[in-house]
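Note that ligands are numbered from 1 as they come in the structure, with each ligand's atoms numbered from 1 the same way.
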Amino acid sequence: MACMACLLLALAFVAAEAQQMQSNISLGSILTPITNSTWLSPSGLYAFGFYRQGNGYAVGIFLAGIPEKTVVWTLNRDNPPVSNDSTLVFAGDGLASPTAHLVSFSASYASMLDSGNFVVYNFEQEIVWQSFDHPTDTLLPGQRLLSGDALFSSKSEADHSTGIFRLKMQNDGHLVQYPVDTPDSIPYAYYGSLTFDAGENVTLNLGADGHLYLLNSTGSNILNITDGGLPSDEGKLYLMRIDADGIFRLYSHDLKKDAIWSVVWESSKDKCVPKGLCGLNSYCVLSDLKAECRCLPGFESVNQGNPTSGCERNFVADACKNRNENFTYTMEELESTTWEDVSYMSLRLSEKGACIQGCLEDCDCEAAVFDGTNCRKQRLPLKYGRRANGTSNIALIKVGVQKPDTDSRIVQPGSKKKGRPDILIICLSFTA
Ligand SMILES: *[C@@H]1O[C@H](CO)[C@@H](O)[C@H](O)[C@H]1NC(C)=O
Ligand SMILES: *[C@@H]1O[C@H](CO)[C@@H](O)[C@H](O)[C@H]1NC(C)=O
Ligand SMILES: *[C@@H]1O[C@H](CO)[C@@H](O)[C@H](O)[C@H]1NC(C)=O
Ligand SMILES: *[C@@H]1O[C@H](CO)[C@@H](O)[C@H](O)[C@H]1NC(C)=O
Ligand SMILES: *[C@@H]1O[C@H](CO)[C@@H](O)[C@H](O)[C@H]1NC(C)=O
Ligand SMILES: *[C@@H]1O[C@H](CO)[C@@H](O)[C@H](O)[C@H]1NC(C)=O
Ligand SMILES: *[C@@H]1O[C@H](CO)[C@@H](O)[C@H](O)[C@H]1NC(C)=O
Ligand SMILES: *[C@@H]1O[C@H](CO)[C@@H](O)[C@H](O)[C@H]1NC(C)=O
């Protein structure tokens, strides 16, 4: 399998070598995954065309001139990979495959530039479309993220379809990181540039010297995220990317040394910071600087291989209201964790025991967060959990325990009914 990939890469490379370094791509030019798979930039550093994705191919822009063929842009990234007999045609009205129109514009020729920008011109030689205006997860030097736009992380390093994090350049001038599918509001944010009063049309910019900064609408520098001033000779490459793990990083690459990408700057050193890295009812713990997702006590992973899928109860629980006499409830404790605060009731209590008692006596209460002065009662699911050593928060999770005198053949703790959500959660969806 790996050998197959090598062979294909090698083939692609031979094809690319054989092909002229075509700086102008004329109407009717065709790419296929196996032969003539890319259009190279004049220096051969960047390529536009097919690259391997899963068990097929995707179309995008990648760094062809370095051993690590880093993908910096993908066309229609959420389309399924295509087979090896696909074609891509550069036509007067856009980029097309035999079955679908992929991008529309009115073109006369195109160029894959050494900046990594794929640019399409009309007959007046005006730019009608450029990949720099449609970033996916990466910014290259000279590229900017406009107000109202966002970068979306990839699913994984190998799969460039849309992942679960975004970096938004908001209309209020604030550059913020959120999970996908959340409102642009503070409770969901996990990184902010704190420039929320900078007004409209603020842009995020990357310079050739690794300078990452915000400009306001009148062109003033309002924030240096990185100072730049890094070597910007031809041998050094920089790129900024929101990675699949939710952290955005500035990378450098030395073309002269056969080097790998190294991190120059990152939005967080703590890999547990991105919200939603661990799914519902689980929390993130750093272990050897790696993020690890753990289930709440009394829960187990929905899908062992995918920590974002979260956790569900690992016993057959009955709704508190139905008064199953075979179960008793206790509260399990998790120290030093933070969660999204979605409490439906907050009680001023200074005793942990009172908080425990309050939750046990309340059928709606499935968990509580106690911070020494407040007892915040919560319903499941719990979200955005992570261990944070600085906090005095204690999460208290209501767990059903089978009474010892009941017949374990009838209600078996640990026997999870696959596909059937917990009854407590069903009950919730009616009351919420
Ligand atoms: C590309 O095409 C344009 C328009 O026909 C022309 O002006 C330009 O010189 C061409 N560039 C190269 C490198 O051939
Ligand atoms: C590759 O493209 C070039 C230029 O468009 C063309 O001359 C050549 O025939 C193509 N090769 C194959 C194998 O399609
Ligand atoms: C193209 O794919 C088909 C089926 O997926 C395979 O049998 C064939 O060998 C592939 N061709 C090349 C040149 O890789
Ligand atoms: C922001 O850009 C829009 C569209 O170009 C423009 O209408 C608006 O006046 C700009 N706002 C500011 C504060 O410059
Ligand atoms: C842009 O920033 C400069 C310097 O902070 C400030 O003087 C100017 O008023 C800002 N422009 C706008 C439109 O906010
Ligand atoms: C950012 O750095 C540049 C020098 O590289 C400096 O001129 C500018 O004032 C700095 N901007 C801010 C907001 O500090
Ligand atoms: C929190 O403390 C534990 C145990 O002392 C340690 O292993 C862990 O790395 C710490 N986590 C952070 C984020 O500092
Ligand atoms: C409790 O357990 C008994 C057997 O020990 C069983 O007959 C009864 O149905 C159980 N009650 C519920 C509500 O599951």
Side-chain angles (χ1 to χ4, degrees), residues 1-19 30-39 47 49-60 62 64 69 79-89 97-100 139-149 158-159 167-176 191-233 236-240 248-252 264-267:
M1 185 64 212
C3 237
M4 179 74 173
C6 288
L7 181 64
L8 286 169
L9 252 182
L11 277 175
F13 208 65
V14 170
E17 295 272 279
Q19 180 183 352
I30 293 173
L31 294 180
T32 66
I34 311 294
T35 52
N36 278 354
S37 65
T38 61
W39 294 310
F50 289 97
Y51 66 85
R52 261 200 99 79
Q53 170 84 82
N55 50 12
Y57 297 84
V59 172
F62 57 94
K69 305 253 174 295
N79 285 5
V82 297
S83 61
N84 64 14
D85 57 359
S86 315
T87 57
L88 180 75
V89 184
S97 70
T99 51
L139 284 188
L140 294 173
Q143 191 174 10
R144 50 178 50 181
L145 184 65
L146 297 178
S147 182
D149 286 353
D159 179 351
L167 173 65
K168 175 106 188 246
M169 187 66 256
Q170 294 186 167
N171 291 324
D172 60 2
H174 200 188
L175 180 70
V176 193
Y191 163 88
S193 60
L194 306 181
T195 49
F196 31 69
D197 50 4
E200 287 183 318
N201 301 341
V202 170
T203 56
L204 170 65
N205 301 264
L206 176 60
D209 63 348
H211 189 195
L212 192 61
Y213 56 103
L214 298 180
L215 291 182
N216 72 6
S217 59
T218 44
S220 292
N221 177 323
I222 54 163
L223 180 72
N224 289 315
I225 297 174
T226 64
D227 287 329
L230 301 170
S232 59
D233 59 290
K236 275 276 186 182
L237 283 179
Y238 299 95
L239 67 77
M240 192 221 97
F248 79 96
R249 299 185 173 88
L250 177 68
Y251 288 94
S252 74
V264 178
W265 180 89
E266 53 194 334
S267 60

Note every protein N or O atom lying under 3.5 Å from an N or O atom of ligand 6, pairing the names and giving the distance.
{"from": "ligand 6", "atom 1": "2 (O)", "to": "N224", "atom 2": "OD1", "distance (Å)": "3.3"}
{"from": "ligand 6", "atom 1": "2 (O)", "to": "N224", "atom 2": "ND2", "distance (Å)": "2.3"}
{"from": "ligand 6", "atom 1": "11 (N)", "to": "N221", "atom 2": "OD1", "distance (Å)": "3.2"}
{"from": "ligand 6", "atom 1": "11 (N)", "to": "N224", "atom 2": "ND2", "distance (Å)": "3.0"}

Q: State the atoms of ligand 5, each with its element, that fall below the 4.0 Å cut-off from a heavy-atom position in S217.
A: 13 (C)
Q.
Can you list everything that forms a salt bridge (Lys or Arg N to Asp or Glu O under 4.0 Å) with E200? Sequence neighbours excluded, please.
A. none
Q. Got a sec, which residues hit side-chain contact (heavy atoms from CB on, under 4.5 Å) with L146, two or more places apart in sequence or on another chain?
A. R144, D149, T203
Q) Atom CG in L140, atom OH in Y238: separation rounded to 0.5 Å? A) 14.0 Å
Q.
Working to the nearest 0.5 angstrom, can you tell me the gap between L145 CG and L206 CG?
A. 11.5 Å
Q.
I'd like to check the ring pair (Phe, Tyr, Trp, His ring centres under 6.0 Å) partners of Y191; sequence neighbours left out, ordered by chain and number.
A. F248
Q. Which heavy-atom pair separates Y251 from V264 by the least distance, and what is that distance?
A. C-CG2, 4.1 Å
